[in-house]
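Please read the structure below before turning to the comments.
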Amino acid sequence: MLKVLTVENIEKYYGNKGNVSKAIDRISFDVKKGDFVGIMGPSGSGKTTLLNCISTIDKITTGSILISGKDITTLKRSELEKFRRDELGFIFQDFNLLDTLTAAENIALALTIQGRQAEEIPQIVSEVADKLDITDILEKFPYEVSGGQKQRIASARAIVTNPSLVLADEPTGALDSKSARMLLDSFEQLNAELKTTILMVTHDAFTASYAKRILFIKDGKVFNELYRGKDTRKEFFNRIIEVVTLLGGDTNNVF
Ligand code: ADP
């Protein structure tokens, strides 16, 4: 199957001579089209650094990262912006919606920036809103909706451009458990129906249990990998908890 992401033997150092810390220590993995991958690991293990390097916000020290066959480490600054806009979708813990725009305008903005024709935008927004069950709040401003609704608006914005890869950083981190469940159901549906490829960093075993595969990171290395296979979500959750325990985290869902 088509590889959307190839991370090859990457390393990331911070600091300079005499005071270097290694945030990523030779990580390699692939993500295929339609995959839903979770990244877990204790605080300080390198998850954010990894996500920032894949999202082209930060630069790796050595190795290569290919997204849709393109080595992003060789892209020029001027090319990166277009690359991010066309190939990547972002979902952040704190939503990052523009407060002065309605939900529909927040979603449409991603298309406008891409240079899509104004006439075709409402139809595209309406289709994606339907997928995320936010049709009835499209004219509302972010402050008028709940956290869970905000995150579904942000998810619509992330996928409306049909990116190769959606990067989600603790997407349920600011949500109550019911809203988290609804959001994750949406992710599962987008992944199953639209083959949306998702890479999601999370601390939370329940959130991770929606993924098809999980990479556990410790001290900048891949420590373990789990595939959901034919497990129910509950069974997968229990296996995740076992690894979390092995990694030395507490079993209260959280590292
Ligand atoms: P996580 O997201 O898993 O909590 P991070 O990627 O934030 O981990 O951090 C990995 C390691 O890299 C940590 O030791 C952290 O202190 C270090 N680190 C992260 N960002 C920087 C930075 N900008 N400058 C120096 N060290 C950093």
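Read the numbers this way: they start at 1 and go in the same order the structure lists the ligands and their atoms.
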Among all protein heavy atoms, pick the one closest to atom 8 (O) of ligand 1 and tell me residue, atom and distance. G46 N, 3.1 Å

Within 4.0 Å of atom 16 (O) of ligand 1 (strictly less), any protein heavy atom? no

Residue, atom and distance of the protein heavy atom nearest atom 9 (O) of ligand 1 read T49 OG1, 3.9 Å

I'd like to know if E188 pairs up with R228 as an ion pair, taking the criterion as any Lys NZ or Arg NE/NH1/NH2 lying under 4.0 Å from an Asp or Glu carboxylate oxygen. yes

Donor-acceptor contact below 3.5 Å, side chain T112 vs main chain A108: yes

Which atoms of ligand 1 have any heavy atom of K47 under 4.0 Å away? 1 (P), 2 (O), 3 (O), 4 (O), 6 (O), 8 (O)

Which class fits the ring pair F206 and Y210: parallel under 30°, tilted 30 to 60°, perpendicular over 60°? perpendicular

Around E81, counting heavy atoms of other residues, nucleotides and ligands shown, do more than 12 lie under 6.0 Å from its CD? no

Starting from atom 27 (C) of ligand 1, what is the nearest protein heavy atom, named by residue and atom, and what distance separates them? Y14 CD1, 3.2 Å

Going by heavy atoms, is G41 under 4.0 Å from ligand 1? no

Relative to Y14, does K12 satisfy both conditions: NZ or CZ under 6.0 angstrom from the six-membered ring centre, and within 45 degrees of the ring's axis? yes

Could you tell me whether D86 and K82 make a salt bridge, using a distance below 4.0 angstrom between a side-chain N and a carboxylate O? yes

Ranked by distance from atom 1 (P) of ligand 1, the top protein heavy atom is G44 N, 3.4 Å

Might you check, step by step, whether the distance between atom 11 (C) of ligand 1 and some protein heavy atom is under 4.0 Å? yes

Tell me whether A23 has any N or O atom under 3.5 angstrom from an N or O of ligand 1. no

Write out all pairs satisfying salt bridge (Lys or Arg N to Asp or Glu O under 4.0 Å) with one or both partners inside residues 92-121, taking only residues at least two apart or from two chains. R116-E120

Go through ligand 1 atom by atom and flag the ones less than 4.0 Å from a non-hydrogen atom of S45. 1 (P), 3 (O), 8 (O)

Non-hydrogen atoms of P42 versus ligand 1: any pair closer than 4.0 Å? yes

Do the side chain of S45 and the main chain of K218 share a donor and acceptor less than 3.5 angstrom apart? no

